Protein chains: 2
Amino acid sequence: MNTIEPSDRIGVAVDVVIFTVDDGHLQVLLSRREHEPFEDRWALPGGFVRPDESADQAAERELTAKAGLVGVFLEQLYTFSDPARDPRNRVVSVAYYALVSRDRLGAQAGLRESRWFRVDHGAGEVQVPELGLAKPCLAFDHDRILEAAVHRIQGKLEYVPIGFQLLPQRFTLTEIQQVYEAVLGHPIDKRNFRSKLLKSGQVREVDAYRTGAHRPARLYEFTRRTF
Amino acid sequence: MNTIEPSDRIGVAVDVVIFTVDDGHLQVLLSRREHEPFEDRWALPGGFVRPDESADQAAERELTAKAGLVGVFLEQLYTFSDPARDPRNRVVSVAYYALVSRDRLGAQAGLRESRWFRVDHGAGEVQVPELGLAKPCLAFDHDRILEAAVHRIQGKLEYVPIGFQLLPQRFTLTEIQQVYEAVLGHPIDKRNFRSKLLKSGQVREVDAYRTGAHRPARLYEFTRRTF
DNA sequence: ACAAAAGTGTTGGTACTACACCCATGT
DNA sequence: ACATGGGTGTAGTACCAACACTTTTGT
């Protein structure tokens, strides 16, 4: 118990659930696997933790390597350790989730056959409609990881201001409402949403308007800029 | 990236923060380490995950082996993976926390030089007064793990009914209030606490009284008996 | 002029806080 | 009888949900 036997050693990986909101829907970045096991199946971006880095660092590294993203919101989600979760080797996965705004997605997201997929979660069930309704639709236990990540951001959104991670620096109140609706999966009353958000002091109005096909919309920014 | 090199393998351990409430205070079970590193220092009970078990199973096994506890509330907390957290080998620790009622603590808790220590957390700082105020007072990064566990149960207690895990099946309203006060670290108004708890439907009164030195107190039990 | 999204207040109900006195029992 | 913990209600405030119309712009 005080020394580590080789047999006690286990592969440690990170998997990152990268979310964005686009087109009024929650989206997740998936990569097509290029190797066995689960070759050609869609999976969460991930990889092994190196001997000299923490899991947090490994997750950041994955984020940069697989999605070209630096400095985005990233938090640990849960550790998945079923001995059978990888059919070949014993691998424990420390799962993370990241939130990215559309405007930080450049051409990078085309790297390594990876794409954004819409995530639906109407009646409790979390689904990736493009991949069919039958579970599992992802490699390994990534369906479970995705489901846990969706539940986490839903719960967290209600009491911590993480919504702005999914928005550009300046945004309209309608845009932030759409983010909330996409994450929570249900419509929200416009007047209640706006008055609550403004009273909370999380946002401040700026002297600019988003101009478009109709009446221009006032722009806002978050008061606490993190990172 | 598709096969695991020996150099990618890392020791995977679990550490369990076992809480109880006694004497109006939150208490944590610590074991004295019998080996290097940190020999003779107090530490959270823990051990390596075996090749054929999940981290959850390893945590349950530790709970039984180190504290004689079976079937108690146990949840994953966070995974600690700083490469320097163990000065000798690379070990990632999946931390858990457990909640136990005093009445389930038998003579078992004397095993392997382990004892309960009071945990204080008045002004945000989490401290084990008996071990002094200077940090670190525990082995490895166990101070950080303990702190994270205290924050977790404080947050969770406010919106999920986990308080009854720290109580015997039947209890008085004063007893459950003392549990809340011990965990949250501040006094609570008696009338507000009672009316809120009763209105929530979490408890049901039973036809029995706790008799003692003064007026007998009505006993209650939780409506949802888990496990 | 019209289509489309922006913007704006009130009302009723519910939940939370603060607060002080009488009751039942053992000694 | 008294000391000790058990038990109870109300009033003010803050938050939440439901709800519909006017304004501004581009076409």
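Order of the sequence lines fixes the chain letters, A, B, ..., with proteins taken first and strands second; residue numbering starts at 1 for each chain. All values derive from a computational prediction rather than experimental measurement.
- Between the CD atom of E158(B) and the C1' atom of dA15(C) there is a distance of 15 Å, rounded to whole Å.
- Per the geometry, NZ belonging to K190(B) stands 10 Å off C1' belonging to dC21(C), to the nearest Å.
- Results of the side chain to side chain contact (heavy atoms under 4.5 Å, CB included) test with I18(B) over V28(B), L63(B), L30(B) single out L63(B) as the only residue that passes.
- Atoms CZ (R218(B)) and P (dC23(C)) sit 18 Å apart, rounded to a whole Å.
- Among the protein residues, T174(A) comes within range of the sugar-phosphate backbone only, with heavy atoms under 4.0 Å from sugar or phosphate atoms but none that close to a base.
- Under a 4.0 Å N-O distance rule, the pair R144(A)/D82(A) does not qualify as a salt bridge.
- Ranked by how close their nearest DNA chain C nucleotide is to the 5' end, S195(A) and A213(A) are led by A213(A).
- Taking atom CD of residue Q177(B) and atom P of nucleotide dG6(D), one finds them 9 Å apart after rounding to whole Å.
- When each of L219(B) and N192(A) is assigned the nucleotide of DNA chain D bearing its nearest heavy atom, the one mapping closer to the 5' terminus is L219(B).
- For R218(B) and D207(B), the salt-bridge test passes: some basic side-chain N is under 4.0 Å from an acidic carboxylate O.
- Among all heavy-atom pairs drawn from R118(A) and P129(A), the shortest one is O-CD, 3.2 Å.
- As rounded to whole Å, 5 Å separates atom P of dC16(C) from atom NZ of K196(B).
- Within 4.0 Å (heavy atoms only), R194(A) reaches at least one base atom of the nucleic acid.
- Rounded to an integer number of Å, the gap from E205(A) CD to dG7(C) P is 10 Å.
- Under the 3.5 Å distance criterion, with hydrogens and angles disregarded, a donor-acceptor pair is assigned to the side chains of D103(A) and S101(A).
- The nearest whole Å value for the distance from the NE2 atom in H214(A) to the C1' atom in dT25(D) is 9 Å.
- Nucleotide dA5(C) holds its P atom 14 Å from the CD atom of E181(A), rounded to whole Å.
- On a pure distance criterion of 3.5 Å, a polar donor-acceptor pair joins the side chain of R191(B) and the base of dA20(C).
- As judged by a 4.0 angstrom heavy-atom cut-off over every strand, K199(B) is placed among residues making no nucleic acid contact.
- Residues D189(A) and R215(A) each lie close to DNA chain D; by heavy-atom proximity, the contact nearer the 5' end of the strand is made by D189(A).
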